[in-house]
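Numbering of ligands and ligand atoms starts at 1, following listing order. The first residue in the sequence is number 1, and the count goes up from there. All figures in this text were calculated on a predicted structure; none of them were measured in a lab.
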Amino acid sequence: MIDMAKPSTTRTRSQQWFERSQQSLVEGVNSPSRGGAVYAPGPVFLERGEGSHVWDADGNEYIDFMMSFGALIQGHAHPTLVEVVSQAMARGSHFATATSAEVEAAERLRRVVPSAEVVRFTNTGSEATMLALRLARAHTRRTKFLKFEGHYHGWYDPYLLNAHSHVPEQLGPRENPARLPDSEGIPASTFDDVVLAPWNDVAAIERVMKQHGRDLAAVITEPIMANMGCILPRDGYLKRLRELTQDCGALLILDEVVTGFRYAPGGCQEYYGIQPDISTFGKALGAGFPVGAVAGPRSILDHMRWSENMVLHYGTFNGHRLTMKVAAANLDLLAADGTYQKLHSVGDAAISGLRDVFRRHNINAIVQGFGPMFQIYFTGRDAIHDYRDYCAYVDTHLYSRFVHRLLERGIYMTPSNGLHWIISTAHTDSDAKVLIEAADQACAGLA
Ligand SMILES: Cc1ncc(COP(=O)(O)O)c(C=O)c1O
């Protein structure tokens with residue numbers, strides 16, 4: 001049982017592991033989003049998870065609202081998935097050849113995502129978005145593509161432009177955004193083919209498409225901007241983007257790595273009623289196993305068929321048998337009656353409770369998003385609509401302090417404001433209540 005009245009400060013074992021990990025791992029971790037820079041003074045080492053709860057190396061218990069950056073849509077150690085993996089593993093992990101498991105996973109994905117005539121599985125979301133762009137370029141015989149400020153599509157070179165936040169002074173004018181690479185080690189010429197535009201602004205995208213549309217192989221977008229927290233598309237924005245891309249012969253790549261299978265069985269394309277040319281999936285598809293997928297019409301994905309002019313996509317672990325077994329079982333679980341109603345109602349209860357807490361404490365904060373995914377912004381604004389709003393108006397330091405206070409009160413979340421709160425099928429109304437109580441305590445004296 002989580003005892004919120006006694007904030008836990010014992011992280012001795014996590015600290016010891018963190019010191020030890022620095023000897024063998026860069027910054028003691030395997031991704032810069034997990035280390036001391038985000039979790040200062042150091043990350044909590046998690047050792048066990050069950051349902052919506054996790055336990056750290058010191059035995060502290062938390063309700064997990066990060067859920068592996070959204071991968072764990074069924075929570076931790078779902079009994080059906082444990083059984084599926086155990087049985088599959090006993091017959092061999094992976095054969096790197098054709099298996100019935102990958103057929104069954106693809107069939108289920110096609111059943112819920114109408115734009116998915118055919119599917120190709122990858123191992124991560126980054127591989128999926130990388131492949132989607134290669135396909136779009138081969139299909140259109142154009143090289144340029146458009147990405148939006150603040151959107152993250154994985155760590156593939158050409159996508160690493162303006163995916164991190166910056167101080168507003170660095171952003172340049174909205175009509176001609178400054179181009180800010182997110183990583184060293186990428187040749188500047190990589191970005192020559194990237195057109196950068198502000199998101200969620202119909203007038204801006206109409207202007208940019210008029211100028212560049214006919215040169216673009218693709219426009220790639222997250223349907224909900226999930227890497228600056230949780231920023232919803234304005235009414236009609238995605239539909240207008242669909243029309244503009246169609247008019248110019250550019251493909252629309254909908255990056256549903258975060259949103260896929262989350263808001264509706266068919267992802268945001270179902271929720272918002274748009275038909276992309278190519279969709280990319282990851283995270284929730286594998287329910288904790290590493291996976292990505294590219295889906296779309298045969299006319300585009302068939303460029304990968306063996307020929308002299310094929311689009312190459314290799315991968316020893318593509319369609320990994322254990323992952324495919326889990327993905328198929330996960331999609332079956334998600335298809336059960338009431339799944340999405342519960343994801344939405346638990347999430348909405350958490351959101352409205354948090355809004356009440358901030359109101360009661362007179363704290364300038366908004367909770368943006370709905371149902372299964374949301375984010376808290378400490379801001380005086382009524383809403384955050386895009387990257388520029390996020391960079392200018394969100395107090396990310398206060399958010400980090402707030403999350404550290406929640407960590408001491410048995411709520412597990414990343415202190416990075418750019419991520420988002422996740423509701424899994426394992427979360428309950430009582431988890432939402434515990435979160436609201438913990439937030440109430442964490443708000444006392446926060447500002
Ligand atoms: C929208 C989006 N696309 C792609 C990716 C890359 O996925 P992965 O981390 O599995 O490579 C991410 C990861 O967070 C993402 O948020």
[atom] [closest protein heavy-atom partner, distance rounded to 0.1 Å]:
atom                    : answer
atom 3 (N) of ligand 1  : D255 OD2, 2.7 Å
atom 10 (O) of ligand 1 : G125 N, 2.9 Å
atom 14 (O) of ligand 1 : K283 NZ, 2.9 Å
atom 4 (C) of ligand 1  : H153 C, 3.4 Å

**Prompt:** Hey, which of F370, F374, Y340, Y272 is the one that makes ring-ring contact (aromatic ring centres under 6.0 Å, His included) with Y263?
**Reply:** F370

**Asked** How does N227 reach ligand 1, if at all, at less than 4.0 Å between non-hydrogen atoms: by side chain, backbone, both, or neither?
**Response** side chain

**Prompt:** Has the side chain of E50 got a donor or acceptor atom that lies under 3.5 Å from a matching backbone atom of A77?
**Reply:** no

**Request:** Sort out for me which residue in R137, H139, R134, R298 forms a side-chain hydrogen bond (donor to acceptor under 3.5 Å, both in side chains) with H303.
**Result:** H139

**Complete:** Test side-chain hydrogen bond (donor to acceptor under 3.5 Å, both in side chains), reference N227, set E222, H151, H420, output is E222

Can you sort out which atoms of ligand 1 are near [X], meaning under 4.0 Å from one of its heavy atoms?
X    : answer
V258 : 1 (C), 15 (C), 16 (O)
E222 : 1 (C)
Y152 : 1 (C), 2 (C), 3 (N), 12 (C), 13 (C), 14 (O), 15 (C), 16 (O)
T124 : 10 (O), 11 (O)

Please determine if [X] and [Y] form a salt bridge, counting it only when a charged side-chain N lies under 4.0 Å from a carboxylate O.
X    : Y    : answer
E408 : R405 : no
E175 : R207 : no
D277 : R242 : yes
E149 : R388 : yes

**Asked** Polar-atom distance check: S126 versus ligand 1, any N or O pair below 3.5 Å?
**Response**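 Yes: some nitrogen or oxygen of S126 is under 3.5 Å from one in ligand 1.
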
**Message:** Regarding ligand 1, does G154 bring an N or O atom to under 3.5 Å of one of the ligand's N or O atoms?
**Reply:**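 Among all N and O atoms of G154, none is under 3.5 Å from an N or O of ligand 1.
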
